[in-house]
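The next block holds one structure in the form of structure tokens; read it before the comments.
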Amino acid sequence: MASPNGGEDFESSLLSFEKLDRASPDLWPEQLPGVADFAASCKNPITNSPPKWMAELESEDIEMLKELGSLTTANLMEKVKGLQNLAYQLGLEESREMTRGKFLNILERPKK
């Protein structure tokens, strides 16, 4: 039978007293580039100035972001499918126009 202190001995044998230097970039590389910078920017006190990425947005863009943010997952997926279908249709239309241009010789390079 195991001694009553056998469990404690086993647990104490598993303890490690090694000191790891977490400041070393070699031991603890940044998993996702830019995350540390983003985290540091979030720790700054809140200011009234908008973030850099919002500086170039127009009011229509902000309204679109709010609209997309309020959608449910299913509605958002439906929106994405609609955008994929639109991109496919635009690709087909572009292909037709390129073929038409080729037949009309409007895409031909001028001869020197």
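Rounding to the nearest 0.5 angstrom, the gap separating the CG atom in Asn85 from the CG atom in Leu90 is 11.0 Å. A distance of 11.5 Å separates CG of Leu68 from CD of Glu63, quoted to the nearest 0.5 Å. Atom CG in Leu65 sits 11.0 Å away from atom OG in Ser70 (nearest 0.5 Å). For the atom pair CG (Asn75) and CD (Glu67), the distance works out to 10.5 Å, reported to the nearest 0.5 Å.
Residue pairs that meet the salt bridge (charged side-chain N to carboxylate O under 4.0 Å, His left out) test with at least one member in residues 82-100, sequence neighbours left out, are Glu97-Arg100.
With hydrogens and angles ignored, the 3.5 Å screen pairs a side-chain donor or acceptor of Thr99 with a backbone N or O of Ser95.
Grouping the Ile, Leu, Val, Met, Phe, Trp and Tyr side chains by contacts below 4.5 angstrom, directly or via other members, places Leu86 apart from Leu92.
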